[in-house]
Amino acid sequence: MAELQRSVHLHPSILSADFSQLGEEIARIPSADAVHVDVMDNHFVPNLTLGLPVVEAIRRATSLPLDIHLMISDADRWAPGYAEAGAESVTFHAEASGAPIRLARELRARGAQAGMALKPATALEPYLDMLTELDMLLLMTVEPGFGGQAFLEVVLPKIRRARQAADDAGVPVAVQVDGGISAQTITAAAEAGADVFVAGSAVYGADDPDAALIALRDQAAAAQGSCG
Ligand code: DX5
Ligand code: ZN
């Protein structure tokens, strides 16, 4: 991978923040590239978090970009509303969409970046021809549903294949990883080709969340540089 220098983005997940004071918790991460918001419906995943009214309140509470990760069934029906709420990116799960190309186009038409997520055991290959429809591909590095789980190294080859396929096709799609990202795992994910990193417990579990996210981002950038 010649001289290519990618940018590195660090998106703290507020799933590990104090839900009783989300505005204050987001104010603790001013250096974040975006706020990662995990929407769960207790159907697509066995957990329930928050929905559109809370996202709208978060939108009013911060000027940071919002990175919405929808872990909900029937994404075709519900995802466009999050773009209309002013999220910079909306990511739906491929497993929850009946028409992912149409949905990605609807998100872009509403002014959001279109993201599509794959669970750890979902194959990348059926989706390679639609990378041009996406601004971001999220490769889950844990089974979605909960923070604080261990990083699944089994996903690393899929990260490499995604990055290679995007580079080969000349498609400027970001490769995001989410789940178990920490000082112990971020280097491997960055070396595999990820460039957007979600971290929940590694940021909000630290005494100084902003310092933690900066350190993680620096570590990822150093790993990218060393394999560039
Ligand atoms: C899990 C969520 C993640 C979660 C990550 O399903 O999508 O965004 O917050 O938490 P950590 O970084 O603690 O694994
Ligand atoms: Zn997430």
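In this chain, residues are counted from 1 in sequence order. Each ligand, and each atom within it, is numbered from 1 in the order the structure gives.
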Part of Ser13 with heavy atoms under 4.0 Å of ligand 1, whether side chain, backbone, both or neither: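 Within the 4.0 Å criterion, Ser13 contacts ligand 1 through side-chain atoms alone.
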What N, O or S atom of [X] is found closest to the Zn ion (ligand 2)?
X	answer
Asp178	OD2
Asp38	OD1
His69	ND1

In terms of atom number and element, which parts of ligand 1 are under 4.0 angstrom from non-hydrogen atoms of [X]?
X	value
Val198	8 (O)
His69	7 (O)
His36	8 (O)
Pro144	6 (O)
Gly179	14 (O)
Met71	6 (O), 7 (O)
Ala199	12 (O)

Output field: ring centroids Phe197/His9 closer than 6.0 Å: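 Between Phe197 and His9, the centre distance exceeds or equals 6.0 Å.
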Taking [atom] as the reference point, the nearest protein heavy atom with its distance:
atom	value
atom 14 (O) of ligand 1	Gly180 N, 2.8 Å
atom 6 (O) of ligand 1	Gly145 N, 2.7 Å
atom 10 (O) of ligand 1	Gly147 CA, 3.5 Å
atom 1 (C) of ligand 1	Phe146 O, 3.5 Å
atom 5 (C) of ligand 1	Asp178 OD1, 3.5 Å
atom 13 (O) of ligand 1	Ser201 OG, 2.5 Å
atom 2 (C) of ligand 1	Asp38 OD1, 3.5 Å
atom 12 (O) of ligand 1	Gly200 N, 2.8 Å

From CD1 (Ile181) to CG (Leu216), nearest 0.5 Å: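 Separation between the atoms: 9.0 Å.
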Interatomic distance, Ser73 atom OG to Asp41 atom CG [nearest 0.5 angstrom]: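 It is 4.5 Å, given to the nearest 0.5 Å.
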Residue-ligand contact Ala202/ligand 1, heavy atom below 4.0 Å: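 No, that is not the case, since the closest heavy atom of the residue is not under 4.0 Å from the ligand.
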Student check: side-chain heavy atoms of Asp33 and Arg217 closer than 4.5 Å: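 The answer is yes; the side chains approach within 4.5 Å.
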Short N-O contact, Arg28 and Asp208, less than 4.0 angstrom: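 No, no charged N to carboxylate O under 4.0 Å.
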Electrostatic pair Glu88-Arg59, nearest N-O below 4.0 angstrom: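 A salt bridge links Glu88 with Arg59.
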Side-chain H-bond candidate by donor/acceptor type, Ser89 with Asp135, under 3.5 Å: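 There is no such pair between these side chains.
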Asp67 and Gln176 side chains, donor-acceptor separation under 3.5 Å: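 Yes, side-chain donor-acceptor contact under 3.5 Å.
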Does the [X] side chain pair with the main chain of [Y], one donor and one acceptor, at a distance under 3.5 Å?
X	Y	result
Arg108	Leu134	yes
Tyr82	Leu52	yes
Glu84	Arg110	no

Heavy-atom closest contact (Val90 atom, Ala79 atom, distance):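 Scanning both residues completely, I find the closest heavy atoms to be CG1-O, 4.0 Å.
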side-chain contact (heavy atoms from CB on, under 4.5 Å) between Leu137 and Leu124, intermediate numbers included: CA-CA 10 Å; Leu137 178 69; Leu124 167 69; 3.7 Å; yes
Test of proximity, Leu15 against ligand 1: N or O pairs below 3.5 Å: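 No - when backbone and side-chain N and O of Leu15 are compared with those of ligand 1, no distance drops under 3.5 Å.
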